[in-house]
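Scroll down for the structure; my scribbles are underneath it.
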Amino acid sequence: MLEQAILSRRTLLKVGALAGGGLAITATMPMVARAATGSAAAEPAVLNAFVSITPDNVITIVGKNPEIGQGIKTMLPMLIADELDADWAQVRVVQGDSDARKYGPQIAGGSFATPMNWMPMRQVGAATRQMMVAAAAGRWGVDAAGLKTELGKVIEISSGRSATYGELASEAAKLTAPEPASVKLKDPKDFHIIGKAIGGIDSPRIVRGEPIFGVDTQLPGMVYAAYERAPVFGAKLKSAKLDAVKALPGVLDAFVIEGKGGAEQLVDGVAIVANNWWIANRARRELEIEWDTGEWAGHSTKGYNDAARKVMAEGKPQEVFATAGDIDAAFASAAKVLDAEYAYPFLAHAAMEPMNCTAVRHPDGTLEMWAPTQNPQPGHAGVAQMLGIGQDKVKLHITRMGGGFGRRLTNDFMHQSAAIADKMPGTPVQLIWSREDDVRSDFYRPAGWHRLRAALDADGKVIGFDDHFVTFAITGGQYNPAAMSPTEFPARFVPNLRYGQTKLDTRVPMGALRAPTSNAMAFVMQSFLDEMAHASGKDLPTLLLEIIDGGAEEPATQGFTGRTPGFNPARMRGVMERVMANSGWGKPRAEGRAQGFGFYFSHQGYFAEVVEASLTTRGQVQIHDVWAAGDVGSTIINPFGALNQVEGSIIDGLGQAVALAIEIEGGAVSQSNFHDYQLPRIAFTPRIHVDWVKTDYAPTGLGEPALPPVIPALTNALFKLTGKRVRSLPIDPKLFV
Amino acid sequence: MAYTVNINGQDRELDVPGEMPLLWALRNELDMVGTKFGCGVGLCGACTVHVDGTAARSCSTPVSSLAGKKVRTIEALAETPTGRALQAAWLDEDVMQCGYCQAGQLMTATALLDRNPSPSAQQIDTAMAGNICRCACYTRIRDAIAMAAEKGTANA
């Protein structure tokens, strides 16, 4: 999937060429026109799909990927601007609309953006720079070899004369673009923007409260919609009485929407429309709807737990998906056998900006949308398909988002918004979900259960490892966010191994939550490995280093969860050693405190983390310090954004560990808002010490890999402190009192 | 029924039900969308405004309760020296990730520094306890408030 999504080096400039005939695009892109001042003199020259420059030397760079707070609208333009030799102060960034032809892949997910764009975006910048140099050479009648660039200017080295990019842009735009592969990129030591801590490009607007998020979209004549759907997953609408609702003051209309496709497209429901969302939402309490809940109303967390425990006790997985050696012989000859069950709950994403989307069906039949989506291209195609119109008839603007965490990879809210707008041609309508809708209509991190067994020989060496994973059958063609990789660590490093799984039925919609699979697997595996370490009188780092001893770098393969492509034991060792040194690992701690360790490799990033924790007398977890060492390659592109991602991931993981669970009762979600889904607050925040291990690999992403290891680092610390092993999340304080 | 509410120094007419929360009057009646909807029940602080200088949750403040009171929103935060100092500190510290909760964070922080110009670390945590940041930019929120307090508002 990753490889399919990676842009060929040719594609980027070629798509620009397709859009307008060579790179000398004469037709001004609409987005750029809006950014321009309006005077003819300031009309920008469009160099390619990503860069346009006004005569007064303002460089506008398109940020193509959706911004959810991961900093990509700042970071991708930094790559272009550095190779372009622009002055960051002269750069403006605009968000690109959904347009695969022009921009290639546009997705906020999988920590993909850095590895996918590191080279292509730099090539865009370098190619544009080369065109500036060629334009100056042409104007002055000199050899390009005698010219250099610096902070938005071309300078003749011998004479010192110079021209700004703004002065050269219209001439440069008439030149043939160079082959991206032929363009010389900078030596990293010459970077002047990459590697510098650069503030978020939208932050000045945000501190002033300017409209910038999806839900801030305002259009003339716009109305607001609330959407009532069945609380029970999989239920169908039987009947709805709408007269009482329609009669309420302020309500403009109410109508039934018939579902189409699965939960990730359009579920049955009733839309209520008003001039004020509060009026529309409040009117929901007057609705009388009969739902057909089918068999699904009988589903519950307790039922899933009971079923999982039963199949784990029976010990016969439906399928075995990874084996090595002779697992039965290993256990028969073991000096010591460990056997433990682990479990973790469903989780919601709870992004701060509730799901919303604005749409208008224009009189000409086209649909225009303003969508806070992490995954615009499938949403774009899906909405067009639902309405039975060509994708070119749907214009999709990507808005900044108040968080994503994977929730906005699924575009159900876009389908709802489009279906409502379709019933009200000519009227712009903004669909907003309540927080309760958001918590109860998510695509949840799947709950899961593992029965793990380990066989140790007389020297404490791991000779056998067995996991029976109980998960859910994913129906309806959903992406499977629970898929356990056959290469999940310690596979490949243990001589005798078996991974099997059994799948339970459910209608609970499931999806990717930040570090999908890894966010649960790290807890399970690194905790059980810690059990194994203690059973053989070692600490976890010692055991891990023994297990990987002599292991070679794995060749790159496809896939992006768990042990992602190209796992390299040497890089694992590097971050482990760094975090042990930084945290004072193994040294005595203050009375009542203990440190725990966790390592995980996901999304191509290596993170080792140490948590220092204590417990109150009531068993409440207190976290004092977290040390993290990460290896995401050669370059931290934006140290500001990078640190923010790591700190955020760590607090996110710790919050999941101590407090978060979504429970199913009667086929519906029990939780509803922040009183019973308690996100971390400021006082919970520990001191966080982040360090980078730089290695000679191309940089990779940071949206996710720092999260998984912090959970076992915490639970392993609590074991060291109390001798009590946390085998189920969230942590139950009763375990410690 | 029509209500008159003083918002950012201007009397604004609102012909809405009196129980309509200020948040939705701001966002959907006055097109002032800087104040954010997060939970609707006063649990997250994204909708924080000032009512007579005190931080208040606009999602739980009925329009009818505001007669004779002065409301300030994020759109007018820069009109106060404390607000300007905090906005600058927020940018210097690069506090935010998604930024959605930050209007509420800034309003709460401004109310804090207006009544306590040099809060302790503990007092910062206590004052900010009602504001959730889902991205968990909490270390920087702490640092930015401390920095603004230290620098003061003399040059803000």
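Just so it is clear: chains get the letters A, B, ... in the order the sequence lines come, proteins before strands, and each one is counted from 1.
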* Name the member of Ile651(A), Leu679(A), Ile206(A), Asn644(A) that forms the most heavy-atom pairs with chain B at distances under 4.5 Å. =>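 Top count of heavy-atom pairs under 4.5 Å with chain B: Asn644(A).
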
Tell me, side chain or backbone of [X] under 4.5 Å from chain B's heavy atoms, or both, or neither?
{"X": "Pro686(A)", "value": "backbone"}
{"X": "Tyr224(A)", "value": "side chain"}
{"X": "Met352(A)", "value": "both"}

* Asked: So do Glu353(A) and Phe37(B) actually touch side chain to side chain, heavy atoms under 4.5 Å?
  -> no

* **Min side-chain heavy-atom separation Glu75(B)-Glu210(A) under 4.5 Å** => no

Relative to chain A, which segment of [X] carries a heavy atom at a distance below 4.5 Å: side chain, backbone, both, or neither?
{"X": "Gln102(B)", "result": "side chain"}
{"X": "Val16(B)", "result": "neither"}
{"X": "Ala129(B)", "result": "backbone"}
{"X": "Leu106(B)", "result": "side chain"}

* Residue among Asn131(B), Val33(B), Ile141(B), Thr35(B) with most heavy-atom pairs under 4.5 Å to chain A ->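 Of the candidates given, the most pairs with chain A belong to Val33(B).
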
* Pick from Asp94(B), Leu23(B), Ile124(B): which one has the most heavy-atom pairs with chain A under 4.5 Å? ->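 Option with the top pair count is Asp94(B).
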
* Asked: Which members of residues 433-440 of chain A, sorted by number, sit under 4.5 angstrom from chain B on a heavy-atom basis?
  -> Trp433(A), Ser434(A), Arg435(A), Glu436(A)

* Asked: Should the pair Asp216(A)-Lys36(B) be classified as a salt bridge under the 4.0 Å nitrogen-to-oxygen rule?
  ->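 Salt bridge present between Asp216(A) and Lys36(B).
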
Donor-acceptor pair, [X] side chain versus [Y] backbone, under 3.5 Å?
{"X": "Asn28(B)", "Y": "Trp277(A)", "answer": "yes"}
{"X": "Arg142(B)", "Y": "Ile682(A)", "answer": "yes"}
{"X": "Arg687(A)", "Y": "Thr139(B)", "answer": "no"}

